[in-house]
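Remarks on the structure that follows.
Numbers for residues simply follow the sequence, beginning at 1. Remember, predicted model here, so these are calculated numbers, not experimental data.
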Amino acid sequence: MNRSFNLSFNAYGVCKIDKRGKWIIETDEKDAQVTALTDHKYMLVSSPPEFGDNLQQTHIINFPEEANTIKIDKDAFGKSVFEFKMNNPSSGFNLMRWSGLLFIIVGTGWAGKNMIKKT
């Protein structure tokens, strides 16, 4: 009996960014067949061993238009890994970072002032 279903979702936060600015997606799919459909769209087909290789899973991965130099590789365990370059998502002025630094400076100054008063 053939049965199929479609599930579609946006997976935000699945990418890692290394120190060199390279984006990495680890798929956890061992020995998967990867096919490039377009420059930014890939199809990954796998048959998980936990289902006796009787189930075929097809994943469509859409990369953002800003992604470039998309490379498909395998890690040490034979799992598919996508690597690509894209601009850093943070802006030039990070409000939370500067607010945190300001609070550290003010807190240090306040603690120093209180220590001087006590002596």
Sorted by chain and number, sequence neighbours left out, side chain to side chain donor-acceptor pair (under 3.5 Å) with T27 holds for none
Sequence neighbours excluded, the answer for salt bridge (Lys or Arg N to Asp or Glu O under 4.0 Å) partners of K79 is D28
Residue pairs passing the salt bridge (Lys or Arg N to Asp or Glu O under 4.0 Å) test with at least one member in residues 59-75, sequence neighbours excluded, are K71-E83
The side-chain contact (heavy atoms from CB on, under 4.5 Å) partners of F9 (sequence neighbours excluded) come to L7, A11
Sorted by chain and number, sequence neighbours left out, side chain to side chain donor-acceptor pair (under 3.5 Å) with E26 holds for K16
Connected to L102, directly or through other members, by ILVMFWY side-chain contacts below 4.5 Å are V106
Query raised in the report: Within a strict 4.5 Å, meaning less than it, do heavy atoms of the I61 and F63 side chains meet?
Result: yes
Distance col, row I70:CD1 vs W23:CH2, nearest 0.5 angstrom, shows 12.5 Å
One should read off an interatomic distance between S47 OG and Q33 CD, to the nearest 0.5 angstrom, of 7.5 Å
Pair up each side-chain donor or acceptor in residues 36-46 with any protein partner under 3.5 Å, not counting sequence neighbours, and list the distances.
unit_1	atom_1	unit_2	atom_2	d
T38	OG1	H40	N	3.3
T38	OG1	K41	N	3.1
H40	NE2	A67	O	2.8
S46	OG	E29	OE1	2.7

Determine whether C15 and F84 make a side-chain contact, defined as any pair of heavy atoms from C-beta on separated by less than 4.5 Å.
-> yes
Cluster membership besides V81, Ile/Leu/Val/Met/Phe/Trp/Tyr side chains within less than 4.5 angstrom, sorted by chain and number, is I24
